[in-house]
Amino acid sequence: MSRSGQGHDGEPIPMLEAADISVSLGGTRILSDVSLTAECGAVVGLVGPNGAGKTTTLRVLRATLSPDSGSVRVAGDPIDGLSSKQVSQRVASTPQATTLSFDFTVRQTVEMGRTPHLGRFERADSDDADAVDAAMERADVARFADRPVTSLSGGERQRVVLARALAQETPVLLLDEPTSNLDINHAVNTLELVAALAREGKTAVAAIHDLNLAARYCDELVLLADGEVRAAGEPREVLQSGTLADAFDAETLVTGQPGADAPLVTPLPDRESVDRTVHVVGTGGQAAAALARLVAAGATVSVGVVPAGDAAAERARDLDCQVVTVPPFAGVDGDSRQRATELARGADAVVVAGDVGDANESVVAAAERVVAVDGEGVPAIESPRTTVATVETLRDAVAGLPTDGELPREDRRVESREGQNR
């Protein structure tokens, strides 16, 4: 990753740095000692609930609002020591609300981004025209060039405002909810563009309300709540259930995004926790889904025996559940089977889901109570100790299990569908 330069001590100078920013408006404290650092070539996401102070932070970073205390530096220079034109040559921004009420064409609107580079009586030249054309192409608004901005939809106006900021050709880009009013396709394309600009060396700080998009496209996140920084760092460090509960006052399930090395945040409804200990037996996506559903319900969950790298094993790792694994294609050894059997015996119930396999027969047989998740590969069990459920009804099935007394143990043998069909 490229850097903006080095200080006297040889350390890299951040492209944008805020230190201990505090702001009060109308007698109300909006920000309290907010600090953040954005290196050259990085995308930093500001996340948090409504009213957390994200927009106010961006206003301070672009010098349109002076803080009560604290400082902001751009490429090492104090921003309060720069003229308005100098700031505009270093920092471009897009507002959250795209209130473009005059009948300027899209091209004329984007051309406004060149103003910081022109003298008072200087006219735009071919270089300025090229910058405007390139910005419209990258923001996907070139086909609207001659249309009045007022004729466009809210999402299209959002992209015009982004094009105007790109035409400004600054090293720092500040974005306030850049994906608001955009459909999912344009939202993703917008953040793909921001990520591409960062790879080219631009620094971006964006307030993003969608935690999963922020996790996927930001190098670092700053989580704000009540005007304070609650967490900062890489997405996996910031987006954790406990931290999110503190900031949003909401329960969440944090797993992994398919096809991306980023956390996936799923909000959960307010429901009473299921105070049960459950051992999951099975492999594949269905077992992983059952595991996630149980953790989300508040159960204490263990898993095994499963091959390392299986979807259920990976989900268990994401959710910090105890898991018994064996190497892929190695088969289940005696020690692994014994550990899983002990977990099953100590659990309130065993949940079987996905492909269980004959090797886990003794693990399931150790259970006092079994909940079978209906689906391919799941054992067909008819026993007083067995309840059949779907992934969707799994929480209620486990919550409804009796908490004392033993069920009949007359049928300890569990065969897979494949074994039954032989």
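Since this is a predicted model, take the numbers as computed values, not measurements.
A donor-acceptor pair under 3.5 Å is absent between the side-chain atoms of Asp176 and the main chain of Thr55, judged by distance alone. For the pair Ser35 (side chain) and Asp20 (backbone), a donor-acceptor distance under 3.5 Å is present. A donor-acceptor contact shorter than 3.5 Å links the side chain of Gln257 to the backbone of Asn212. Between the side chain of Thr179 and the backbone N or O of Leu182 there is no donor-acceptor pair closer than 3.5 Å. No side-chain donor-acceptor contact under 3.5 Å links Ser336 to the backbone of Asp333. Judged by distance alone, the side chain of Thr57 and the main-chain N or O of Gly53 form a donor-acceptor pair under 3.5 Å. Between the side chain of Arg293 and the backbone N or O of Leu394 there is no donor-acceptor pair closer than 3.5 Å. Listed for the Arg114 side chain is a donor-acceptor partner under 3.5 Å among the backbone atoms of Ala167. Judged by distance alone, the side chain of Asp310 and the main-chain N or O of Ala312 form a donor-acceptor pair under 3.5 Å. A donor-acceptor pair under 3.5 Å links the side-chain atoms of Ser22 to the main chain of Asp33, judged by distance alone.
Using a 4.5 Å heavy-atom threshold, the side chains of Leu58 and Ser93 count as separate. In this structure, Val172 and Val205 have side chains that are not in contact, with every pair of non-hydrogen atoms separated by 4.5 Å or more. Side-chain contact between Lys54 and Glu177 is present, with at least one heavy-atom pair separated by less than 4.5 Å. Residues Leu253 and Leu319 meet the side-chain proximity criterion, which asks for heavy atoms closer than 4.5 Å. Counting heavy atoms from C-beta on, the side chains of Asp77 and Arg90 come closer than 4.5 Å. Here the side chains of Glu220 and Val222 are not in contact, with every heavy-atom distance at 4.5 Å or above. With contacts defined as side-chain heavy-atom distances shorter than 4.5 Å, the pair Arg107/Asp133 qualifies. Residues Phe144 and Val149 form no side-chain contact, since every pair of their non-hydrogen atoms from C-beta on lies 4.5 Å or further apart.
Atom OG in Ser66 sits 9.5 Å away from atom CD1 in Ile79 (nearest 0.5 Å). Of the inter-residue distances, the one linking Thr37 atom OG1 with Arg73 atom CZ reads 12.0 Å to the nearest 0.5 angstrom. For the atom pair CG (Leu294) and OG1 (Thr277), the distance works out to 11.0 Å, reported to the nearest 0.5 Å. How far CG of Leu36 is from CG of Leu221: 12.0 Å, rounded to the nearest 0.5 Å. Annotation: the span from Ser32 atom OG to Ile21 atom CD1 amounts to 11.5 Å, rounded to 0.5 Å. Asp146 contributes atom CG, which lies 6.5 Å from atom OG1 of Thr105 (distance to the nearest 0.5 angstrom).
Heavy atoms from other residues, nucleotides or ligands lying under 6.0 Å from CD of Gln322 number 12 at most. Taking a 6.0 Å sphere around CZ of Arg143, one finds it holds more than 12 heavy atoms contributed by other residues, nucleotides or ligands. Annotation: Asp275, atom CG; neighbour count of heavy atoms from other residues, nucleotides and ligands within 6.0 Å does not exceed 12. Around the CG atom of Asn50, the shell of radius 6.0 Å holds no more than 12 heavy atoms that belong to other residues, nucleotides or ligands. The local environment of CD in Glu237 is crowded, with over 12 non-hydrogen atoms from other residues, nucleotides or ligands closer than 6.0 Å.
Counted by atom type alone, His186 and Asp183 present one or more donor-acceptor pairs between their side chains at under 3.5 Å. Asp355 and Thr283 share no side-chain donor-acceptor pair at under 3.5 Å. A donor atom on one side chain and an acceptor atom on the other are found under 3.5 Å apart for Ser153 and Glu156. A donor-acceptor contact closer than 3.5 angstrom links the side chains of Arg29 and Ser24.
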With side-chain contact (heavy atoms from CB on, under 4.5 Å) as the test, would you mind laying out the steps for Thr109 and Arg157 before giving the verdict? CA-CA 10 Å; Thr109 303; Arg157 293 187 194 189; over 6 Å; no
Set out, in order, the CA-CA distance, both residues' side-chain angles and the distance that settles side-chain contact (heavy atoms from CB on, under 4.5 Å) for Asp140 and Leu193, then state yes or no. CA-CA 10 Å; Asp140 193 27; Leu193 171 57; over 6 Å; no
Audit row: Asp261, Arg236, side-chain contact (heavy atoms from CB on, under 4.5 Å) steps and yes/no: CA-CA 9 Å; Asp261 184 23; Arg236 286 193 179 277; 3.3 Å; yes
Evaluation steps, side-chain contact (heavy atoms from CB on, under 4.5 Å), between Leu61 and Val91: CA-CA 9 Å; Leu61 293 179; Val91 180; over 6 Å; no
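Between Glu314 and Arg317 there is a salt bridge, since at least one side-chain N of the basic residue sits less than 4.0 Å from a carboxylate O of the acidic one.
In terms of heavy-atom proximity, Leu239 sits nearest to Ala215 at CD1-CB, 3.6 Å. Of all heavy-atom pairs spanning Leu25 and Arg59, the tightest one is CD1-NH1, 4.4 Å. When every heavy atom of Val350 is checked against every heavy atom of Ala344, the shortest pair comes out as CG2-CB, 3.6 Å. Across every non-hydrogen atom of Cys321 and Leu291, the tightest pair is SG-CD1, 3.8 Å. Of all heavy-atom pairs spanning Met136 and Val106, the tightest one is SD-CG1, 4.1 Å. Between Ala340 and His279, the shortest heavy-atom distance links the atoms O-NE2, 3.9 Å.
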